[in-house]
Amino acid sequence: MAYWLLKSEPDVFSFEMLKAKGQKGEEWSGVRNYQARNNMRAMKIGDKGFFYHSNEGKDIVGVVEVCKLIHQDSTTKDERWECVDVRAVIDMPKPVPLDVIKTVKALSKMVLVVNSRLSVQPVTADEWRIICDMGGLKLPPRLSE
DNA sequence: GCCAACGTTGGC
DNA sequence: GCCAACGTTGGC
């Protein structure tokens with residue numbers, strides 16, 4: 001299984017809003033960047049991702065999982081743009097801020113740090129474990145629910 | 001609000 | 001196919 005990080009501006013679409021969608025989750029629509037889309041193409045059902053609040057908060061606030069594979073983005077007819085669906089899994093007991101992440105040497109190669117503009121990015125298993133730990137998640141969410 | 005970094009567009 | 005111009009993102 002692979003790990004990811006999804007960014008959203010909380011005043012546009014926050015983790016709270018995703019939680020309100022329940023088990024059905026929501027389309028991760030609106031991505032108009034090939035790299036980000038290609039990352040979504042690589043996602044499998046059950047893959048986990050961090051939910052990051054950009055602009056406001058600038059912290060990882062929760063964990064999501066992929067609940068529907070890549071499909072046409074319903075917000076456009078342009079066939080280049082596709083997306084997956086994700087649902088909220090759990091809150092970070094203690095949100096992990098970007099400025100703290102930047103102080104951790106083992107996280108200095110994170111895409112979030114190196115290329116802050118990519119809205120859907122891969123996370124390594126090591127990065128996943130470290131951030132879950134920092135966020136007070138006792139153990140990383142299980143490989144399958 | 002500014003601006004650096006990045007991606008996309010389009011003229012040549 | 002190059003690259004200048006432009007638009008957007010997102011940290012600060």
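Numbered from 1 within each chain, the chains take letters A, B, ... in sequence-line order.
The CD1 atom of A/Ile60 sits 9.0 Å away from the SG atom of A/Cys132 when rounded to the nearest 0.5 Å. Going from atom NZ of A/Lys7 over to atom CG of A/Leu5 covers 8.0 Å, rounded to the nearest 0.5 Å. Here the CG-CZ distance, from A/Asp91 to A/Phe15, works out to 5.0 Å after rounding to the nearest 0.5 Å. Note: A/Leu112 CG to A/Glu127 CD = 9.5 Å, rounded to the nearest 0.5 Å.
OP1 and OP2 of C/dG10 both lie 4.0 Å or more from every side-chain N or O belonging to A/Lys58.
Between A/Phe13 and A/Phe51, the ring-plane angle classifies as tilted under the 30° and 60° cut-offs.
Looking at A/Leu137 and A/Ile90, their side chains come closer than 4.5 Å, going by heavy atoms from C-beta outward.
Shown are A/Lys21, A/Lys68, A/Arg87; of these, the salt bridge (charged side-chain N to carboxylate O under 4.0 Å, His left out) with A/Glu26 is made only by A/Lys21. Each of A/Tyr3, A/Trp128, A/Trp4 was checked for a ring-ring contact (aromatic ring centres under 6.0 Å, His included) with A/Phe50, and the lone residue meeting it is A/Trp128.
Side-chain N/O atoms of A/Arg129 and A/Thr124 include no donor and acceptor closer than 3.5 Å.
Protein atom CZ of A/Arg32 is 13 Å distant from nucleotide atom P of B/dT8, rounded to whole Å. Computed from coordinates, the A/His53 NE2 to C/dT9 C1' distance equals 17 Å when rounded to whole Å. Atom CG of A/Asn115 and atom P of C/dT8 are 18 Å apart (whole Å). Across the protein-nucleic acid pair, A/Asp59 atom CG and C/dG11 atom P stand 10 Å apart, rounded to whole Å. Per the geometry, CG belonging to A/Asn33 stands 14 Å off P belonging to C/dT8, to the nearest Å. One can place CZ of A/Phe13 at 17 Å from P of C/dT9, the figure rounded to the nearest angstrom. In this structure, A/Gln35 atom CD and B/dC6 atom C1' are separated by 10 Å, rounded to whole Å. Regarding A/Arg80, its CZ atom lies at a distance of 6 Å from the P atom of B/dT9, rounded to whole Å.
In the helix from B/dG1-C/dC12 to B/dC12-C/dG1, the terminal helix axes, each the rotation mapping four pairs' C1' atoms onto the next four within five end pairs, subtend 10°, rounded to 10°.
Checked against B/dT8, C/dG10, B/dA5, the side chain of A/Tyr34 finds its nearest nucleotide in B/dT8.
Residues from residues 98-112 of chain A with heavy atoms under 4.0 angstrom of DNA chain C, sorted by number: A/Leu98, A/Lys102.
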